[in-house]
Engineer: 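This structure is in C-alpha cells; I'll ask about it shortly.
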There are 2 protein chains.
Amino acid sequence: MSAPLATPLEIVRTRSLASLVAQEIEGLILSGQIAPGERLNEQALAARLGVSRGPVREAVRGLERSGLVVAVVNQGSYVRTMRVEEALQVFDIRVALTGHAAASVAARATPALLAPLERIMRDLTAAERADDAATYYALNLEFHAALFELAANPRAAQLYDGLGKELHLFRRRALLQPENMRQSNAEHAAILQALRDGDVAAARAAGEHHIVGGRARFAASHPSDQSRPQQVAGGESDARRKSGLPPG
Amino acid sequence: MSAPLATPLEIVRTRSLASLVAQEIEGLILSGQIAPGERLNEQALAARLGVSRGPVREAVRGLERSGLVVAVVNQGSYVRTMRVEEALQVFDIRVALTGHAAASVAARATPALLAPLERIMRDLTAAERADDAATYYALNLEFHAALFELAANPRAAQLYDGLGKELHLFRRRALLQPENMRQSNAEHAAILQALRDGDVAAARAAGEHHIVGGRARFAASHPSDQSRPQQVAGGESDARRKSGLPPG
DNA sequence: AGCTTGTCAACTGTCGACAGTTGGCATCAT
DNA sequence: ATGATGCCAACTGTCGACAGTTGACAAGCT
C-alpha cells in the first residue's frame, strides 16, 4: 500500500496541483474508495498524493462547493452523506432537465440531427442484448449527453453530469441489473421515437418518464432511512476520526 | 478607502475565514464592484480583507467550482464573463426547473398549501401598483423560492438560486422597468391561478412561460455579442492586470 | 458507580516565505 | 523604423511552521 497510485499527478504540470488533487479526490469519492460520511484527513491526503496541505485544502473547498463534501469548522471535511429524500430531489431535477431537453429537441428534430442518437441507440440495444452492463452504462451516459447537446444546451449537460455525481454518493446498487437494463432501453427507444415524430409533448413525457423510472427503481431499492445521522452526528469516535485512509 | 468594510469578517469566528472571504468576494462580484472579466488579485484581496492569501485562494477555488470565476494557471483568476448564448442556456434550465416545480405543486395543491404563495402574490401586486421595484424584486425572489418549497424540492431552489447568481454576471438592465414589472406580475398571477385550479399542464405552461418571458426580455436587451472575447483573451494589458482593485 | 474536571494528542486554520512563471518594456541588431 | 532578444517586476503556486480548537481519555470527586 505504499504508492500504488500512478496518477497524472506527477505528469502534467500544465494544471495547478490543486485542480489535479481535486480531480483525484473526486475520483476517490465517486469510486467509493472514500465512503460517504468518511472523513477527509488533509495531512494524510497530502502525504498520499505527495503535495503539501495547501493544494489539498483548495481542492476540498472546491469539492465542498460542488456538493460532494461538507466541512465542519475545526473538525474537518467529510464526504457528504445523502439522505434518500435528497437523492429523490436530485432525481426530480433530472426529470425536469431531461423532459425539457427532449421537448426542445423534438421541436426541431430532423433525421440528420438525430443521427448521433440513432447510432447510440443501436449500440445501446446491442449492449442490452449482450447483457453487457458496463458498456450499456457508458452508452447510457452518452445518450443523455447527446440529448443535451442536441438541445444546444451544454450547460444543462454539465449540470446533469454534476447531479449524476452527487447521486453516486449512494452505492449504485440495482443500477446494472439486466431487468433494469431492458426497461431502461425501452424508455430510450420511446424517447427517440417521439423525437423522430417531432412530437414535443410525447418527447417530454418520454424523457421525464425515463428518469422517473430510474427514480422509482432507486426509491424501491432504498429504505426510507430515517435512522441515518443527519451528517456527522456528534458521535464520531476518534477511531473513526483517524480512519481517513482506510485499508489502502 | 482605507478600511470601509465593516463586514462580518472581524466578527464571527464560528465559520472559517475562507468561507467568509468567499461570501465577501461573491458579494463584490454580484454587486458589480468587481466586473466580469476583471482579475482577482489575491494579494490585494488578502490585504483588503485583512487576511493572508491562503483563505483567499481557498475562497476563489470555491467560486471557481460554482462558476463565478475562471482561473488561468500562473496568471490568475478572473470573474467569469458570460456570453449571451450561455446566459440563454441558463435561462432554459430555469425554464425547465420552474415549469416542473409548478406542475408538481399543481398536482397536489390545496388552498392551505397555496397560502404562502397567495400572501406573496398580494404583496407583489401591491409593490407593482406602488412601482416599488426594489420590493418587487425581493418579493419575486420569494415567490420562486416559495414555489420550490411547495414542490418540496429545496435542492432545486438552491440550484435556481445559483443559476440566478450566474445570471447576475450580466449587468441587470431592463429588469426593473415598470413595464416589465407589470408583465412579470401578470405571469405570476397566471401561475397561481393554474395552481389553484390544480391544472398540472396549465401550471407547467405558466411556469415555463414566466421564465421564457424573462429570457425573451433578456435576449431582446442584449446584442448577439460575437465580439466579446472568449475569456480573458490574450490581450490583457498589464494595466488591466494591475487593476485588481478598481477605484476603492 | 456515576459524573465532573484536567490533560493530551491530533488536526485544522492561518500565516509568511520562497521559487517559478508570465507578460511588459527597454535595448539592440537589422 | 521594425523586429528580435534579454531583463525585470508582479504575481501565482507551493510549502513548512505555528497557534488554536476539538474530542477522547484518565484521574479525581460526590
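Just so it is clear, the values below take in all heavy atoms, side chains as well, and ignore hydrogens, waters and symmetry mates. Letters go in sequence order (proteins before strands), and every chain restarts at 1. Only a predicted model underlies this, so the values are computations on that prediction, with no experimental measurement involved.
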Engineer: Among all residues two or more places apart in sequence or in another chain, which pass the side chain to side chain donor-acceptor pair (under 3.5 Å) test with B/Asp161?
Structural biologist: none
Engineer: With sequence neighbours excluded, what pairs up with A/Glu58 under the side chain to side chain donor-acceptor pair (under 3.5 Å) test?
Structural biologist: B/Arg57, B/Arg61
Engineer: Please give me every residue in residues 58-69 of chain A whose heavy atoms get under 4.0 Å of an atom in DNA chain D, ordered by residue number.
Structural biologist: none
Engineer: Answer yes when A/Glu166 and A/Arg80 have at least one side-chain N-carboxylate O distance shorter than 4.0 Å, and no when they do not.
Structural biologist: yes
Engineer: Measure CZ/A/Arg39 against P/D/dT22 and give the value in whole Å, please.
Structural biologist: 14 Å
Engineer: Can you find a side chain N or O atom of B/Asn74 that sits less than 4.0 Å from OP1 or OP2 on D/dC11?
Structural biologist: no
Engineer: Applying side chain to side chain contact (heavy atoms under 4.5 Å, CB included), can you list everything that pairs with B/Gln43, at least two apart in sequence or on another chain?
Structural biologist: B/Asn41, B/Arg53
Engineer: Which residues pass the salt bridge (Lys or Arg N to Asp or Glu O under 4.0 Å) test with B/Glu26, sequence neighbours left out?
Structural biologist: A/Arg65, B/Lys165
Engineer: Once you round it to whole Å, what is the distance between P of C/dC11 and CZ of A/Arg57?
Structural biologist: 15 Å
Engineer: What residues, two or more places apart in sequence or in another chain, satisfy side chain to side chain donor-acceptor pair (under 3.5 Å) together with B/Thr135?
Structural biologist: B/Asp132
Engineer: Would you work out how much the helix from C/dA1-D/dT30 to C/dT30-D/dA1 bends between its ends, with each end axis defined by five base pairs, to 10 degrees?
Structural biologist: 0°
Engineer: Is there a side-chain contact between B/Glu142 and B/Arg119 (heavy atoms, below 4.5 Å)?
Structural biologist: yes
Engineer: Mind checking what makes side chain to side chain donor-acceptor pair (under 3.5 Å) contact with A/Asn153, not counting sequence neighbours?
Structural biologist: none
Engineer: What residues, two or more places apart in sequence or in another chain, satisfy side chain to side chain contact (heavy atoms under 4.5 Å, CB included) together with B/Glu149?
Structural biologist: none
Engineer: Once you round it to whole Å, what is the distance between C1' of D/dT14 and CG of A/Leu20?
Structural biologist: 14 Å
Engineer: Looking at residues at least two apart in the chain, or sitting in another chain, which of them share a ring-ring contact (aromatic ring centres under 6.0 Å, His included) with B/Tyr160?
Structural biologist: B/His144, B/Phe148
Engineer: Over how many whole Å does the gap from B/Arg15 atom CZ to D/dT21 atom C1' extend?
Structural biologist: 18 Å
Engineer: For the pair made of CG in B/Asn41 and C1' in D/dA10, what is the distance, rounded to whole Å?
Structural biologist: 9 Å
Engineer: With 3.5 Å as the limit, what N/O pairs link the protein to nucleotides 15-19 of chain C?
Structural biologist:
| residue | atom | partner | partner atom | Å |
| --- | --- | --- | --- | --- |
| C/dC15 | OP2 | B/Ser52 | N | 2.7 |
| C/dC15 | OP2 | B/Ser52 | OG | 3.0 |

Engineer: Taking only residues two or more places apart in sequence or in another chain, which ones pass side chain to side chain contact (heavy atoms under 4.5 Å, CB included) with B/Ser77?
Structural biologist: B/Leu40, B/Val60, B/Val69, B/Ala71
Engineer: Within the structure, does a side-chain N or O atom of A/Gln43 lie under 4.0 Å from either OP1 or OP2 of C/dT12?
Structural biologist: no
